[in-house]
Amino acid sequence: MDRTEKICDIIEGSSYVVFLGGAGVSTESGIPDFRSKNGLYHKKKKRFASYEPEYLLSSECLRKKPEVFFEYYRENLDARAVEPNDAHRALAAMEHAGRLAGIITQNIDGLHQKAGSRNVQEIHGTIWTNHCVSCGREYDSDFIFDSREEVPHCLDCGRTVRPDVTLYGELLPDEAYDRSIRMIQKADCLIIGGTSLEVGSAAQLAHMYHGRSFIIINKTKTKLEGKADIVVHDSIAKVLKSVTELMGIWQDDDT
Ligand code: NAD
Ligand code: ZN
């Protein structure tokens, strides 16, 4: 049995499959991750060279140096025109076929929903909505990305409008995290993919998993490999596409 057949076998023999993913799921759509060779952490422009990468996406930076925060945010996190790749499509196909209970993602790009996935828990929030830090008025993603102001301001109260993204130094969105915990506890198959598991929240969720089967699909080595039944070091889009093809649920674009 090759690795694709083994993964199919496990998924088809499970009743509650959960996928936990990160930035690596979206690299094949052209969005850089953080820690790979071409990741955001390694290609900082001179303008931002004096800041730690974590600082540029922190609540402290938003508070103390909002101009820097918004410049970095607009330059690096505008995923409005980005399209899902085969990894997103395969996961959506699995959910539609009743083979996947849901997705827990650290990504903030909304590409799973664009591909048609419905049960998506965004534990680090989303770039697709914004809100005023004072009155709470909600704004769409264009409000920050297309704003001519260095620091976008609320039309009602004049305070800063910020993205609904969880920044370093902030608590995770309760609801999404609680739902994720329940999904992990219920799962009998966990697939982890495209994440270094370096960010605490995702690693904690992974440690809470005590179900039967555990699959890791990631280009590079990650910490939990000793616990996994199958580890694949390859492109997540390629692997998930071949899994769904073998399951007979892959949908070509033009169908
Ligand atoms: P990370 O950069 O720490 O790790 C990404 C992992 O994915 C690496 O181990 C890498 O080897 C692997 N990878 C990259 N491309 C891959 C591919 N095509 N197939 C398989 N594996 C691949 O990312 P992380 O663990 O998600 O943590 C970074 C944090 O940054 C997260 O909290 C996330 O919110 C945020 N982030 C989000 C986006 C996004 O929304 N697309 C992009 C960058 C960072
Ligand atoms: Zn306001």
Side-chain angles (χ1 to χ4, degrees), residues 19-43 53-54 56-58 72-73 76-80 82-88 90-91 103-114 120-128 130-139 141 143 152-170 172-173 176-177 191-206 215-225 231-241:
F19 179 83
L20 167 63
V25 175
S26 294
T27 50
E28 288 166 86
S29 289
I31 303 178
D33 61 10
F34 278 180
R35 294 174 183 83
S36 291
K37 254 201 331 260
N38 299 320
L40 278 184
Y41 284 4
H42 304 284
K43 54 160 216 167
E54 278 92 353
L56 291 161
L57 290 171
S58 70
Y72 187 77
Y73 180 78
N76 293 292
L77 297 180
D78 185 357
R80 287 175 298 170
V82 178
E83 292 300 325
N85 64 53
D86 287 348
H88 303 101
L91 290 163
I103 294 170
I104 303 168
T105 183
Q106 300 163 80
N107 294 348
I108 54 180
D109 52 35
L111 289 179
H112 287 298
Q113 292 91 329
K114 249 193 192 175
V120 183
Q121 303 307 323
E122 296 175 303
I123 59 170
H124 293 164
T126 176
I127 61 158
W128 285 94
N130 303 306
H131 70 274
C132 166
V133 296
S134 177
C135 73
R137 177 167 167 182
E138 290 170 11
Y139 294 88
S141 56
F143 191 84
H153 286 100
C154 178
L155 302 174
D156 282 343
C157 72
R159 296 286 304 281
T160 306
V161 173
R162 60 158 289 174
D164 289 350
V165 167
T166 310
L167 303 175
Y168 287 99
E170 292 182 331
L172 301 185
Y177 198 62
I191 307 171
I192 293 189
T195 172
S196 64
L197 292 176
E198 291 292 330
V199 177
S201 45
Q204 272 166 19
L205 283 170
I215 299 165
I216 295 181
I217 307 164
N218 205 65
K219 273 199 175 156
T220 54
K221 231 170 173 292
T222 52
K223 282 179 194 152
L224 285 176
E225 296 194 354
V231 177
V232 182
H233 290 147
D234 204 342
S235 141
I236 185 133
K238 190 173 106 190
V239 175
L240 290 181
K241 183 180 176 194

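Residue numbers run from 1 in the order of the sequence given. Nothing here was measured: the structure is a model prediction, and the numbers come from that model. Atoms within each ligand, like the ligands themselves, are counted from 1 in listed order. Just so you know, these numbers use all the heavy atoms, side chains as well, and skip hydrogens, waters and symmetry mates.
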Contact atoms of ligand 1, heavy-atom distance to Thr27 under 4.0 Å: 14 (C), 15 (N), 16 (C), 17 (C), 18 (N)
protein heavy-atom neighbour closest to atom 40 (O) of ligand 1 works out as Ile108 N, 2.8 Å
Enumerate the atoms of ligand 1 whose separation from the nearest heavy atom of Asp109 is less than 4.0 angstrom. 39 (C), 40 (O), 41 (N)
Which option wins on minimum heavy-atom distance to atom 32 (O) of ligand 1: Gln106, His124, Glu198? His124
For the side chain of Ser29 and the backbone of Asn85, is there at least one donor-acceptor N/O pair under 3.5 Å apart? yes
Please identify which atoms of ligand 1 are closer than 4.0 Å to at least one heavy atom of Ile236. 19 (N), 20 (C)
Shortest non-hydrogen contact between Pro173 and Ile123, atoms and distance: CD-O, 3.1 Å
Considering heavy atoms of the protein only, find what lies nearest to atom 27 (O) of ligand 1 and give residue, atom and distance to 0.1 Å. Arg35 NH1, 3.5 Å
Are any non-hydrogen side-chain atoms of Val165 and Leu77 less than 4.5 angstrom apart? no
When rounded to the nearest 0.5 Å, the distance separating CD of Glu122 from CG of Asp164 is 10.0 Å
Are Gly39 and ligand 1 in contact, using a heavy-atom cut-off of under 4.0 Å? no
Are Leu57 and Phe34 side-chain neighbours, meaning at least one heavy-atom pair lies under 4.5 Å? yes
Given 3.5 Å as the limit, does a donor-acceptor pair link the side chain of Thr27 with the main chain of Gly24, or not? yes
Value rounded to 0.5 Å, distance of CD in Glu28 from NZ in Lys241: 11.5 Å
Atom 9 (O) of ligand 1 has as its nearest protein heavy atom Asn218 ND2, 2.9 Å
Could you pull out, from Val25, Asn107, Asp33, the option with a heavy atom nearest to atom 5 (C) of ligand 1? Asp33
Please write down residue, atom name and distance for the protein heavy atom closest to atom 10 (C) of ligand 1. Ser36 OG, 3.5 Å
Identify, by atom number and element, the atoms of ligand 1 in contact range of Ser235, meaning under 4.0 Å from any of its heavy atoms. 19 (N)
Does any non-hydrogen side-chain atom of Val25 lie less than 4.5 Å from one of Thr105? no
Counting distance only, does the side-chain N/O of Glu225 pair as donor-acceptor with the main-chain N or O of Thr222 below 3.5 Å? yes
Distance filter under 4.0 Å to Pro32 heavy atoms, resulting ligand 1 atoms: 42 (C), 43 (C)
At a non-hydrogen distance cut-off of under 4.0 Å, which region of Thr220 contacts ligand 1 (side chain, backbone, both, or neither)? both
Nearest-contact summary for atom 21 (N) of ligand 1 - protein heavy atom, Å: Lys219 N, 3.0 Å
I'd like to check Arg162 versus His131 (side-chain heavy atoms, cut-off strictly below 4.5 Å). Are they in contact? yes
Is there a donor-acceptor pair under 3.5 Å between the side chain of Lys114 and the backbone N or O of Val82? yes
Where the Zn ion (ligand 2) is the vertex, angle from Cys132 SG to Cys135 SG to 10°: 110°
For ligand 1, which atoms have a heavy atom of Ser26 less than 4.0 angstrom away? 41 (N)
Rounded to the nearest 0.5 Å, what separates atom CG in Leu111 from atom CG in Leu91? 12.0 Å
Got the closest protein heavy atom to atom 26 (O) of ligand 1, with its distance? Ala23 N, 2.7 Å
Ligand 1 contact on Asp234 by region, counting heavy-atom pairs under 4.0 Å: backbone
Considering non-hydrogen atoms only, spot the tightest contact between Ile236 and Gly194 and give its length. CD1-N, 4.1 Å
For the atom pair SG (Cys132) and CG (Leu155), what is the distance rounded to the nearest 0.5 Å? 9.5 Å
Test your reading of the structure: does Tyr168 have an N or O sitting under 3.5 Å from an N or O of ligand 1? no
Quick one: nearest non-hydrogen protein atom to atom 17 (C) of ligand 1, plus distance? Gly24 O, 3.4 Å
Closest to atom 4 (O) of ligand 1 (heavy atoms only, candidates Ala79, Ser196, Gly194, Gly22) is Ser196
Less than 3.5 Å between some nitrogen or oxygen of Val199 and one of ligand 1, yes or no? no
Looking at CG of Asp78 and CD1 of Ile127, how far apart are the two atoms once the value is rounded to the nearest 0.5 Å? 6.0 Å
Under 3.5 Å, N or O to N or O, is Ile217 touching ligand 1 that way? no
Can you check which of Glu122, Glu28, Glu54 brings a heavy atom nearest to atom 18 (N) of ligand 1? Glu28
Identify the protein heavy atom lying closest to atom 30 (O) of ligand 1, giving its residue, its atom name and the separation to 0.1 Å. Phe34 CE1, 2.9 Å
Give the atoms of ligand 1, by number and element, whose distance to some non-hydrogen atom of Thr195 is under 4.0 Å. 6 (C), 7 (O), 24 (P), 25 (O)
